[in-house]
*Asks:* 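Before we start, here is the structure in question, set down as structure tokens.
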Amino acid sequence: MSVAATLETEGIVNDVTAAVLAVVIFKAMTAHELAPRGFIFLFGERLGMGILSGLLIAGVVWYLLTQVDLPAHAAPQTARLLALAGAVIAFAIADSVFSEAGIAAAATAGFTLGNLEVPHREEILRFNQDVTVLVLSFVFITLAALLEFSELRALSVAGLGVVAVVTVLLRPLVVFLSTAGSEFPICERLFMSAIGPRGIISASVATLFAIRLETSTPPTDPAGADILLGTVFLVILVTDIIEAGFAGQFAAAFGVDETET
């Protein structure tokens, strides 16, 4: 598997499972009444429901795109609409059964459709990029609106320490452990260690938690919400600027072919 495919797969699988796991842990911590083994059950039921719903909706969308005769003059537009509607419906179905299972459902539906042969694929991909920009803008604007600059500045050395631990210690450790015994040479493993920018999933989950902490009755931990938002925003900011912004330079430094990234 190429470095690019590995990083892309990691982004899909890890973001989804980490988001579901974070929601389960948050729910358990705020409930104060969940046994340790209950974590596994809550995680499994949400992830399982999301995957099942995503596969089901992806199959329905694939059938409509390939087996139903769409009006020729509006086929590309209809294909784009079906793809978007599939993701939304998958999210809604899973989330109506188990809260926060929709993330896994939408990701599974998109991943499945992306690996199937469907008509008007290029139009759907371009439309997906446009929607992604809109969603990213909305989430990051919401996160920034909830965060005061003074709260970000208050993190000071401690916040930068968290960023350093995540990027310099945890990221390389996880990469080298997960690729142990693989075909990746040391240079590619070093490159993957240096590339792990955080983004939309981290921001959206942090925003969700912060809103719940601040709007619960009575407020659970408003100060904790500020620290959470500030830390996540700082991690996203630093990793996006350094790791994403200098990905080409990292590839050159480690001797990784840019066609593989």
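Note: hydrogens, waters and symmetry copies are ignored here, and every other heavy atom, side chains too, is used.
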*Asks:* Can you measure from CG (Asp130) to CZ (Phe127) and round to the nearest 0.5 angstrom?
*Replies:* 7.5 Å
*Asks:* Quick check against the 3.5 Å criterion: does Arg121 have a side-chain atom that pairs as donor or acceptor with the backbone of Gly114?
*Replies:*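 Yes; at least one donor-acceptor contact below 3.5 Å.
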*Asks:* Is Leu125 linked to Val118 within one hydrophobic cluster, defined over Ile, Leu, Val, Met, Phe, Trp and Tyr using a side-chain heavy-atom separation of less than 4.5 Å?
*Replies:* no
*Asks:* Between Ala194 and Phe250, what is the shortest heavy-atom contact and its length?
*Replies:*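 Heavy-atom minimum between the residues: O-CE1, 4.0 Å.
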*Asks:* Nearest 0.5 Å, what's the CG-CD1 distance between Leu65 and Ile124?
*Replies:*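 One gets 5.5 Å once the value is rounded to the nearest 0.5 Å.
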*Asks:* Evaluate Phe191 against Leu7 for side-chain contact (heavy atoms from CB on, under 4.5 Å), listing each step before the verdict.
*Replies:* CA-CA 11 Å; Phe191 173 74; Leu7 291 173; 4.2 Å; yes
*Asks:* Under a single-linkage definition using a 4.5 Å side-chain heavy-atom cutoff for Ile, Leu, Val, Met, Phe, Trp and Tyr, are Leu81 and Ile89 assigned to the same hydrophobic cluster?
*Replies:* no
*Asks:* Determine, using the 4.5 Å side-chain heavy-atom cutoff (strictly less than), whether Leu84 and Leu134 are members of one ILVMFWY cluster.
*Replies:* no
*Asks:* Do you know which of Glu123, Glu122, Arg126 makes side chain to side chain contact (heavy atoms under 4.5 Å, CB included) with Pro76?
*Replies:*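 For Pro76, the side chain to side chain contact (heavy atoms under 4.5 Å, CB included) test succeeds with only one of Glu123, Glu122, Arg126, which is Glu123.
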*Asks:* With a cut-off of 3.5 Å and sequence neighbours excluded, list every side-chain donor-acceptor pair involving residues 157-180.
*Replies:*
unit_1 : atom_1 : unit_2 : atom_2 : d
Thr167 : OG1    : Val163 : O      : 2.8
Arg171 : NE     : Met192 : O      : 3.1
Arg171 : NE     : Ile195 : O      : 3.3
Arg171 : NH1    : Glu10  : OE2    : 2.4
Arg171 : NH2    : Glu10  : OE1    : 3.2
Arg171 : NH2    : Met192 : O      : 3.0
Arg171 : NH2    : Ile195 : O      : 2.6
Ser178 : OG     : Val174 : O      : 2.9
Ser178 : OG     : Val175 : O      : 3.1
Thr179 : OG1    : Val175 : O      : 2.6
Thr179 : OG1    : Arg189 : NE     : 2.9

*Asks:* Hey, could you give me the CD1/OG1 distance between Ile241 and Thr239, rounded to the nearest 0.5 Å?
*Replies:*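 OG1 of Thr239 is found 9.0 Å from CD1 of Ile241.
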*Asks:* Extract all donor-acceptor atom pairs below 3.5 Å that involve side chains of residues 102-113 and protein atoms in other chains or at least two apart in sequence.
*Replies:*
unit_1 : atom_1 : unit_2 : atom_2 : d
Thr108 : OG1    : Ala104 : O      : 2.7
Thr112 : OG1    : Thr108 : O      : 2.7

*Asks:* Pair up each side-chain donor or acceptor in residues 43-60 with any protein partner under 3.5 Å, not counting sequence neighbours, and list the distances.
*Replies:*
unit_1 : atom_1 : unit_2 : atom_2 : d
Arg46  : NE     : Ser99  : O      : 3.0
Ser53  : OG     : Met49  : O      : 2.9

*Asks:* Using a cut-off of 6.0 Å, state whether more than 12 heavy atoms not belonging to Glu117 lie near its atom CD.
*Replies:* no
